[in-house]
Amino acid sequence: MNRPLNVVILAAGKGTRMHSDLPKVLHPLAGRPLIEHVIAAADRLVPECICVVYGHGGDVLPQVVGRDDLVWVMQEPQLGTGHAVQQALPRLDPEAVTLILYGDVPLIQPETLQELVLLAREDALALLTISLANPSGYGRIVRNAQGGVERIVEHKDATPEELAIHEVNTGIMAVPAKRLSAWLARLSNDNAQGEYYLTDIIAMAAAERVRVLPCHPGAMWEVLGVNSRAQLAELERTHQHNLAEALLHQGVTLIDPKRIDIRGELACGRDVLIDVNCVFEGRVALADGVKIGANCVLRNVEVAAGAEILPFSHLDGAKIGAGSRVGPYSRIRPGTELAAETHIGNFVEIKNSQVGFNSKINHLSYVGDATVGSMVNIGAGTITANYDGANKHHTDIEDNASIGSNCVLVAPVRIGAAATIGAGSVISKSAPAGELTVARAKAVSIAGWKRPVKKR
Ligand code: UD1
Ligand code: CA
């Protein structure tokens with residue numbers, strides 16, 4: 001039988017080296033605060049409780065994360081990792097195994113944590129360790145003659161022999177809660193940093209013949225922490241590399257797996273192709289055979305099968321119909337739904353509009369708050385004037401309508417089915433179906449007119 005699980009996430013540290021007003025654990029990795037990655041990993045273990053110890057930045061942290069189902073515990077002042085866990089103790093189930101995570105170690109994998117948790121029991125604690133070529137700064141794992149873990153010595157307290165040890169403490173451990181409270185109560189801050197070190201519980205456990213079971217992460221990046229912007233940037237690339245690898249593995253073509261950024265969830269069908277420098281934010285779904293050109297940004301977008309997004313397009317909060325062609329240089333804004341086989345061209349902006357089957361808006365247009373039927377053609381430079389300075393109004397363009405170039409459709413207005421609007425028209429009242437409507441000044445030619453000549 002598995003014991004109940006409690007998770008404690010330590011996130012009270014200052015993050016001085018970020019040189020930022022934002023609490024460190026709120027800095028984004030893949031578009032999401034660091035701590036949310038840790039919470040997501042913890043969620044996967046389905047613990048009875050997740051307790052976050054926070055301090056620096058005050059209540060900004062619980063507010064931004066916005067999870068009322070977590071237990072938020074303030075640590076003030078911050079007297080060390082042992083002191084931090086102590087603040088959480090009253091909120092933990094004494095019968096549970098307590099898993100300790102760091103809010104600034106974002107890429108820890110649930111599988112690794114599961115293994116660690118399974119090792120912990122009443123008479124055993126599990127410790128995640130790793131051997132590093134350069135162990136500088138980390139707590140070192142000191143083992144006895146039999147190879148058992150005896151204690152952890154912090155870098156600043158270590159002797160030269162201890163500094164030569166390459167196996168380090170990742171900080172992540174799973175401990176039986178009952179023992180934990182007894183050990184924490186006995187911590188002292190008599191050390192180089194004057195802090196209550198959580199790591200001192202290891203020696204206490206060993207002295208009480210509680211087994212300390214070391215366990216290792218599947219990959220080094222899982223246990224890398226963020227202390228500086230440089231480390232954050234490095235971890236971002238690692239994470240993006242992992243996401244790109246997963247897409248390749250699944251059958252997506254990435255022209256350059258090093259030049260893609262996924263800041264959310266990207267779901268891809270079969271034979272999807274993504275060219276370089278694309279950014280995906282929020283929830284993006286690309287169906288079978290979709291092609292995304294270079295330098296596109298897609299945010300909360302669904303692209304149906306066979307559609308193609310050409311380079312330099314920005315799509316946000318939209319649905320793109322099957323077989324459609326959007327871009328290059330299109331801007332598709334929230335509330336837009338393009339039906340199948342639409343063609344949206346360069347320098348076209350569409351906002352909060354439905355565009356029907358096989359309709360074309362190919363050049364330099366603005367269509368906002370409009371319903372466009374099927375087989376409609378909107379000429380270059382045409383706009384819907386949807387805003388009167390106070391309110392937004394709707395434009396209806398019915399099936400088969402043809403709007404000439406450089407028209408202004410002054411909303412609210414309706415263009416009837418199969419109506420034709422002459423180029424350069426300003427249409428401020430509805431145009432009847434099937435007829436030509438033209439609203440522009442007549443051309444006048446002045447006979448005998450002479451160009452001015454330059455005075456001498
Ligand atoms: C800690 C470990 C060290 C380990 C290293 C791994 C201790 C004493 N040392 O050292 O063995 O190799 O992590 O990165 O545990 N925090 C609080 N409250 C505090 C102090 C820290 O919440 O009072 C949080 C920090 O926000 C951070 C984590 O605990 O998320 C680790 O704190 P940090 O000061 O970075 O510990 P290290 O000195 O790096
Ligand atoms: Ca640290």
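Scope of the values below: all heavy atoms of this structure, side chains included, with no hydrogens, waters or symmetry mates. All ligand and atom numbering here is 1-based and tracks the order in the structure.
Closest heavy-atom approach to atom 1 (C) of ligand 1 among the candidates Tyr138, Tyr196, Tyr102: Tyr102. In this structure, of Gln78, His56, Gln75, Glu195, the residue bringing a heavy atom nearest to atom 17 (C) of ligand 1 is Gln75. Counting heavy atoms only, Gly80 comes closest to atom 20 (C) of ligand 1 of the residues Gly80, Ala84, Gly13. Taking only non-hydrogen atoms, the option from Asp104, Leu187, Asn169, Val105 nearest to atom 5 (C) of ligand 1 is Asn169.
For the residue pair His83 / Gln87, a side-chain donor-acceptor distance below 3.5 Å is found, with atom types taken as modelled. Neither side chain, His343 nor Ser324, offers a donor N or O lying under 3.5 Å from an acceptor on the other.
Under the side chain to side chain contact (heavy atoms under 4.5 Å, CB included) criterion, Arg91 pairs with Val71, Val73, not counting sequence neighbours. Evaluation of the side chain to side chain contact (heavy atoms under 4.5 Å, CB included) rule for Ala244 yields Leu254, Pro257, Ile260 as partners, not counting sequence neighbours.
Atoms of ligand 1 found under 4.0 Å from any heavy atom of Thr81, numbered from 1 in the order shown, are 7 (C), 8 (C), 15 (O), 20 (C), 21 (C), 29 (O), 31 (C), 32 (O). Close contacts of ligand 1 with Tyr197, meaning ligand atoms under 4.0 Å from a residue heavy atom, involve 8 (C). For ligand 1 and Gly139, the ligand atoms under 4.0 Å from any heavy atom of the residue are 3 (C), 4 (C), 11 (O), 12 (O). In summary, the atoms of ligand 1 found under 4.0 Å from a heavy atom of Ala12, numbered by their order in the structure, are 17 (C), 18 (N), 22 (O), 26 (O).
Ring geometry for Phe347 versus Tyr329: interplanar angle under 30°, hence parallel rather than tilted (30 to 60°).
For ligand 1, one of its N or O atoms has an N or O atom of Leu10 under 3.5 Å away.
The line from OG1 of Thr384 to CD of Glu349 is 9.0 Å long, rounded to the nearest 0.5 Å.
The backbone of Leu79, and not its side chain, has at least one atom closer than 4.0 Å to an atom of ligand 1 (non-hydrogen atoms only; backbone = N, CA, C, O). For Lys24, no heavy-atom contact with ligand 1 is shorter than 4.0 Å. When non-hydrogen atoms are compared, ligand 1 lies under 4.0 Å from the side chain of Glu154 (C-beta onward) but not from its backbone. Residue contacts with ligand 1 for Thr170 involve N, CA, C or O but no side-chain atom from C-beta outward (heavy atoms, distance under 4.0 Å).
Remark: distances from the non-hydrogen atoms of His83 to ligand 1 are all 4.0 Å or more. For Ala11, the closest heavy-atom approach to ligand 1 falls below 4.0 Å. Contact analysis puts Thr199 in contact with ligand 1, with a non-hydrogen atom separation below 4.0 angstrom.
Contact check for Lys258 versus His241: no side-chain heavy atoms found under the 4.5 Å cut-off. Counting only heavy atoms from C-beta outward, the side chains of Asn300 and Arg283 approach each other to under 4.5 Å. The shortest side-chain heavy-atom distance between Tyr197 and Glu154 falls under the 4.5 Å cut-off. Taking the side chain as every heavy atom from C-beta outward, Asn227 and Lys24 approach each other to under 4.5 Å.
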